[in-house]
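Notes to accompany the following structure.
Both backbone and side-chain heavy atoms feed into the values below; hydrogens, waters and symmetry mates do not.
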Amino acid sequence: QVQLVESGGGSVQAGGSLKLSCAASGFSFSSRCMGWFRQAPGKEREVVAIILTDGGSTYYADSVKDRFTISEDNAKKTVYLRMNSLNPEDTAMYYCAANPTRRSYCFPEHLSGSDYWGRGTQVTVSS
């Protein structure tokens with residue numbers, strides 16, 4: 001049974017930092033597409049960052065490039081999202097997604113249609 005559990009959200013002031021974690025279980029962690037999406041009130045869900053686990057490629061939305069970093073710990077089966085220089089536009093519910101199919105590459109569409117999502121962790125940035 002695939003499970004994704006997010007943690008690390010919270011409230012920070014603009015310019016602050018947070019680190020989100022997504023602990024995965026129920027599937028092999030190696031060479032899998034995993035990532036973070038977010039959804040703000042009244043807006044559609046959007047991709048934030050994705051990673052092909054086991055040292056593979058990464059992808060970032062333009063709005064978070066150079067501020068956010070996605071990483072993984074294979075031993076802990078955990079994906080992280082380090083968020084720096086946060087601004088109020090980053091306020092959203094952040095969701096972890098996974099595609100348990102083994103892959104050699106990973107694009108946002110491999111996750112956006114996935115059946116496997118965490119429950120989300122709220123990030124609120126005040127000005």
Side-chain angles (χ1 to χ4, degrees):
Q1 178 181 352
V2 174
Q3 283 195 322
L4 302 169
V5 180
E6 304 101 332
S7 61
S11 297
V12 296
Q13 290 194 325
S17 298
L18 284 172
K19 186 175 183 179
L20 306 183
S21 300
C22 172
S25 62
F27 62 99
S28 176
F29 194 73
S30 178
S31 299
R32 262 61 177 183
C33 192
M34 294 188 65
W36 292 93
F37 288 69
R38 67 186 181 187
Q39 187 167 20
K43 294 188 177 181
E44 292 189 355
R45 185 179 64 194
E46 61 176 358
V47 62
V48 176
I50 66 174
I51 187 168
L52 182 65
T53 58
D54 231 2
S57 58
T58 58
Y59 165 95
Y60 295 93
D62 288 342
S63 59
V64 306
K65 275 180 184 175
D66 301 324
R67 298 190 299 123
F68 291 10
T69 303
I70 190 169
S71 61
E72 55 161 319
D73 185 326
N74 202 308
K76 295 183 178 179
K77 297 185 71 173
T78 299
V79 171
Y80 303 98
L81 184 68
R82 177 68 179 180
M83 305 184 294
N84 295 327
S85 302
L86 285 161
N87 58 62
E89 290 70 38
D90 295 316
T91 295
M93 184 71 80
Y94 283 70
Y95 297 93
C96 178
N99 187 323
T101 302
R102 183 181 177 89
R103 294 192 174 277
S104 56
Y105 53 86
C106 180
F107 296 118
E109 53 265 35
H110 294 133
L111 287 175
S112 58
S114 174
D115 292 331
Y116 304 107
W117 295 82
R119 293 189 174 186
T121 185
Q122 178 67 39
V123 172
T124 302
V125 185
S126 58
S127 57

Around atom OH of Y80, are there more than 12 heavy atoms from other residues, nucleotides or ligands closer than 6.0 Å?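 Enclosed.
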How close do [X] and [Y] get, counting heavy atoms only, and between which atoms?
{"X": "S114", "Y": "A98", "answer": "OG-O, 2.5 Å"}
{"X": "S127", "Y": "A14", "answer": "CA-CB, 4.3 Å"}
{"X": "A92", "Y": "Q122", "answer": "O-NE2, 3.4 Å"}

Start with the C-alpha gap between R38 and V64, add the side-chain angles, then the distance that decides, and say whether side-chain contact (heavy atoms from CB on, under 4.5 Å) holds. CA-CA 12 Å; R38 67 186 181 187; V64 306; 4.1 Å; yes
To the closest 0.5 Å, what do you measure between CD1 (I50) and CZ (F37)?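 Separation between the atoms: 7.0 Å.
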How many angstroms lie between atom OG of S7 and atom NZ of K19, to the nearest 0.5 angstrom?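 With rounding to 0.5 Å, OG (S7) is 10.5 Å from NZ (K19).
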Can you find a pair of side-chain heavy atoms, one from D54 and one from F29, that are under 4.5 Å apart?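 D54 does not reach F29 side chain to side chain.
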Assess whether a salt bridge exists between E6 and R119, defined as any Lys/Arg side-chain N lying under 4.0 Å from an Asp/Glu carboxylate O.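 Salt bridge flag = no for R119 with E6.
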Is the cationic atom of K77 (NZ for Lys, CZ for Arg) positioned less than 6.0 Å from the six-membered ring centroid of F27 and within 45 degrees of its normal?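 Here K77 passes the 6.0 Å and 45° test against F27.
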Carefully, step by step, assess I51 and V79 under the rule side-chain contact (heavy atoms from CB on, under 4.5 Å). CA-CA 9 Å; I51 187 168; V79 171; 4.2 Å; yes
Determine the interplanar angle of the W117 and Y95 rings, folded into 0 to 90°, and report it as parallel if under 30°, tilted if 30 to 60°, perpendicular if over 60°.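 The arrangement is perpendicular - the two ring planes meet at more than 60°.
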